[in-house]
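Take a look at the structure below.
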Amino acid sequence: MITIKKLVLSASIASCIALSGAATSAAASPAAENPNDWPQYHRTSDAWRFSPLDQINVGNVNKLKVAWIHQPGDIEMGLQATPIVIDGVAYYIGPNNNVFAVNAATGKTIWHYQPDLDSIVDEVFYVAASRGVTVGHGNVYVGSLDGRFIAIDQKTGKEKWSTQITDLEKCYGCLFSSPPQLAGDVLFGGTTGGDQPTQGKIFAVNAITGKKMWTFDILQKDDPKSWPGDSGEVGGSGAWLPGTYDAKSDTIFIGTANAAPDFYGAEREGDNKHSASLLALEPKTGKLKWARQEIPHDVWDYDAAYEALSLTHNGKDVLVHLNKSGYVFVLEKSTGEVENVWPLAENITFAKGINPKTGELIGRKAMPVGEETTICPYLLGARSWNHGAYNPNTGLWYTNAMEVCNIVVPAPQEHENIGIAGLYLGVSKLVAVPPPGKKASARLDARDPITGKLKWSIDYPLPGLGSVLTTGGNLVFNGDPYGVIHAYNAQNGKEVWNFNAGSGIRGGIVSYSVDGKQYILASTGFGSHAPGFMASAFPEVGGLPGGAALVAFTLED
């Protein structure tokens, strides 16, 4: 492994960034978003992952060619980032918090930054990985592997400030694998360790100064009916994926992880609020506006940390939120009240169903301690954390899905004896298996996000683990674990182009334009812990090559 730690600066291109500095601060506001840019994690605060650009379309996508390739020089855990692109400059983070600014037309490095990480990062379970950066106020923001929020000067790549948020020696897993997000001048984000004996929290600092503003305690530890005894002290439930900020209502929407120990609930009887929940927070204070717990007393590892898609349906603003359980919750945006619940997964056994009007679980399946129980979906969910994409022109939501179960033997676990890299799962056996009487399977679905009605579906031999992109050119882009990037007709699912990048897709695919030319930019390089968890159900995943590279495509001249 080669890790480059030296700061590299190309003065000629950096001067271009200086000229565009005024625009970058505005890019944090959805109202100011340029259709040529990809200024936020999901491009827009509605989490659509939709680019309106249509220069590349179903009629000419077969003429796409590689424009440039950028390699971070470190392939540990692959490349899991979604790049940010503003005013012709791409910003992304590679393994071990290597951050780059790259000329988005040529792939030339403008600058490279890596924080001086505490040596404790070599011991943690969530080693090396980071899912992106945030850009605004003239800064590039990073959530670090050693528990910090960091602001890097957008023009020069030099560190402006660093705020230590957590202490990994005392709080296992309390690091940041996802980029903190902006809510105006507030920079907020949650820690990663939902499967460790920690207390889930969300933190906020002043985005200009780095000064701490507030901390939201996810777990209601002072409610003995929710967290009896001291179970809330180690109840997990971190908010480990990026939230979104809705400027219109001045609200942060962010999901939380499973309760811990994941599969053994005897020591935390109760609903375990606010684990497996979608939260609405006030940005300036961190005050809770509302919470929707999707899986009360979760004993199946069914996080609610995924993206909250914001839509208007029948004149009402709603959120569409996939839970790892395989159910999609459609919620009223202002209150969190349930509008509908529909199943993305085909094989669901943890409960008989969920009431689509109330969100109440129906017929929970018991998992006796010390006995084998087959539960569907498995711990990675009906989809992993890789995000779907919504196209307003088709009205369809495009998402990867998989049909896998796990055999679970719940067992008590002494959290005091878990090391810094240990997991607090509460099992003596946990193995991924195909659904009973079937084969493990995977697919890309195009669905109505409100009703779940299926428009088309593409079968995959291995689950897609990258985030989906859809565009104004009537296209859907998706990558697979083999490294093949596919483009489909957004209306009917017909494949219209593909390219083999050589190593699987785990990060985000985005689109942007520079000097009137549209590009597709893919994060390639297989990694994360997901392949290890799914290997028993999909043995082929274990032999796939690693890598890390940004690959940009554009049309032939």
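Values below: every heavy atom of this structure, side chains too, minus hydrogens, waters and symmetry copies.
No side-chain donor from either of Asp303 and Trp385 sits under 3.5 Å from a side-chain acceptor of the other. Side chain to side chain, Asn393 and Asn474 fail the donor-acceptor criterion of an N or O pair below 3.5 Å. Counted by atom type alone, Thr192 and Ser177 present one or more donor-acceptor pairs between their side chains at under 3.5 Å. Side-chain atoms of Asp250 and Tyr245 include a donor-acceptor pair closer than 3.5 Å. For the 3.5 Å distance criterion, the side chains of Ser310 and Asp46 fail to qualify, holding no donor opposite an acceptor. Gln518 and Tyr512 form no side-chain donor-acceptor contact under 3.5 Å, judged by distance and modelled atom types alone. Looking only at atom types and distance, the side chain of Thr109 has a donor-acceptor partner in the side chain of His70 under 3.5 Å away. For the residue pair Arg506 / Ser523, no side-chain donor-acceptor distance below 3.5 Å is found, with atom types taken as modelled. Residues Asp185 and Asn206 have side chains that never bring a donor and an acceptor to within less than 3.5 angstrom of each other.
Two rings, from His387 and Tyr41, have their centers less than 6.0 Å apart.
Taking Thr134 as the reference, Tyr141, Pro179, Gln181, Leu182 meet the side chain to side chain contact (heavy atoms under 4.5 Å, CB included) condition, with sequence neighbours excluded. Considering only residues two or more places apart in sequence or on other chains, Asp153 meets the salt bridge (Lys or Arg N to Asp or Glu O under 4.0 Å) condition with Lys160. Remark: Trp48 pairs with Tyr390 by the ring pair (Phe, Tyr, Trp, His ring centres under 6.0 Å) rule, at least two apart or across chains. Thr166 pairs by the side chain to side chain donor-acceptor pair (under 3.5 Å) definition with nothing, not counting sequence neighbours. Residues satisfying the side chain to side chain donor-acceptor pair (under 3.5 Å) criterion with Ser178, sequence neighbours excluded, are Arg131. Contacts of Lys248 classified as side chain to side chain contact (heavy atoms under 4.5 Å, CB included), with partners at least two apart in sequence or in another chain: Asp246, Asp317. Remark: Pro52 pairs with Pro35, Arg43, Phe50 by the side chain to side chain contact (heavy atoms under 4.5 Å, CB included) rule, at least two apart or across chains.
Between Thr191 atom OG1 and Ile202 atom CD1 the span is 9.0 Å, to the nearest 0.5 Å. To the nearest 0.5 Å, atoms OG1 (Thr470) and CH2 (Trp397) are separated by 13.5 Å. Ile458 CD1 to Asp445 CG: the interatomic distance, rounded to the nearest 0.5 Å, is 9.5 Å. For the atom pair Ile56 CD1 and Leu64 CG, the distance stands at 5.0 Å (nearest 0.5 Å). Between the CZ atom in Phe125 and the CG atom in Leu175 there is a gap of 11.0 Å [rounded to 0.5 Å]. To the nearest 0.5 Å, atoms CG (Leu396) and CD (Gln491) are separated by 7.0 Å.
Remark: side-chain polar atoms of Asp146 are paired, donor with acceptor, to backbone N or O of Asp118 under 3.5 angstrom. Counting only distance, with no hydrogens or angles, the side chain of Asp37 and the backbone of Pro39 share no donor-acceptor pair below 3.5 Å. Judged purely by atom type and a 3.5 angstrom limit, Glu540 has no side-chain atom pairing as donor or acceptor with the backbone of Leu462. Put simply, the side chain of His321 never gets that close to the backbone of Val328: no donor and acceptor are under 3.5 Å apart. For the pair Ser237 (side chain) and Gly200 (backbone), a donor-acceptor distance under 3.5 Å is absent. Listed for the Ser277 side chain is no donor-acceptor partner under 3.5 Å among the backbone atoms of Leu279. Asn400 places no side-chain N or O within donor-acceptor distance of the main-chain N or O of Leu465, the cut-off being under 3.5 Å. When atom types are taken as modelled, the side chain of Lys284 and the backbone of Met213 share no donor-acceptor pair closer than 3.5 angstrom.
With contacts defined as side-chain heavy-atom distances shorter than 4.5 Å, the pair Asn98/Ile93 does not qualify. Side chains of Met402 and Arg443 form no contact here, defined as non-hydrogen atoms less than 4.5 Å apart. Side-chain contact between Ile150 and Tyr113 is present, with at least one heavy-atom pair separated by less than 4.5 Å.
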> Can you list the steps and then say if Thr399 with Arg383 is a side-chain hydrogen bond (donor to acceptor under 3.5 Å, both in side chains)?
Replying inline: CA-CA 8 Å; Thr399 183; Arg383 191 198 75 194; 3.1 Å; yes
> Checking ring-ring contact (aromatic ring centres under 6.0 Å, His included) for the pair His486/Phe499: CA distance, chi angles, key distance, verdict?
Replying inline: CA-CA 7 Å; His486 306 267; Phe499 178 86; over 10 Å; no
> Where do Val89 and Ile110 land on the side chain to side chain contact (heavy atoms under 4.5 Å, CB included) test, with the steps shown first?
Replying inline: CA-CA 9 Å; Val89 180; Ile110 299 170; 3.7 Å; yes
>> Determine whether Gln199 and Asp217 satisfy the following criterion, side-chain hydrogen bond (donor to acceptor under 3.5 Å, both in side chains), listing intermediate values before the conclusion.
In response: CA-CA 8 Å; Gln199 300 175 32; Asp217 292 319; over 6 Å; no
> Please walk me through it: do Ile509 and Val468 pass side chain to side chain contact (heavy atoms under 4.5 Å, CB included)?
Replying inline: CA-CA 7 Å; Ile509 305 175; Val468 184; over 6 Å; no
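Shortest non-hydrogen contact noted between Gln71 and Ala549 is CG-CB, 4.0 Å. For Pro283 against Ile252, the heavy-atom pair with the smallest separation is CA-CD1, 3.8 Å. Here the closest non-hydrogen pair linking Val205 and Thr163 is CG1-CG2, 4.4 Å. Of all non-hydrogen atoms in Ser144 and Asn97, the two that sit nearest each other are CA-OD1, 3.3 Å. Between Asn386 and Gly466 the shortest heavy-atom distance is ND2-O, 3.1 Å. Summarising the geometry of Val514 relative to Ala104, their closest heavy-atom pair is CG2-CB, 4.1 Å, with the distance given to 0.1 Å.
Residue pairs satisfying the side chain to side chain donor-acceptor pair (under 3.5 Å) criterion with at least one member in residues 57-68, sequence neighbours excluded, are absent. For residues 142-179, the set of pairs meeting the ring-ring contact (aromatic ring centres under 6.0 Å, His included) definition, not counting sequence neighbours, comprises Phe149-Phe176. For the ring-ring contact (aromatic ring centres under 6.0 Å, His included) condition, no pair includes a residue of residues 465-484, sequence neighbours left out. The side chain to side chain donor-acceptor pair (under 3.5 Å) pairs that include a residue from residues 544-557 are Lys517-Asp557, where partners are two or more places apart or lie in different chains. Listed by first and then second residue, the disulfide (SG to SG under 2.5 Å) pairs that reach into residues 93-128 come to none, sequence neighbours excluded.
Atom CD of Glu169 has 12 or fewer neighbouring heavy atoms from other residues, nucleotides or ligands inside a 6.0 Å radius.
For the pairing with Phe100, the ring pair (Phe, Tyr, Trp, His ring centres under 6.0 Å) check across Trp111, Tyr92, Tyr91 returns one residue only, Tyr92.
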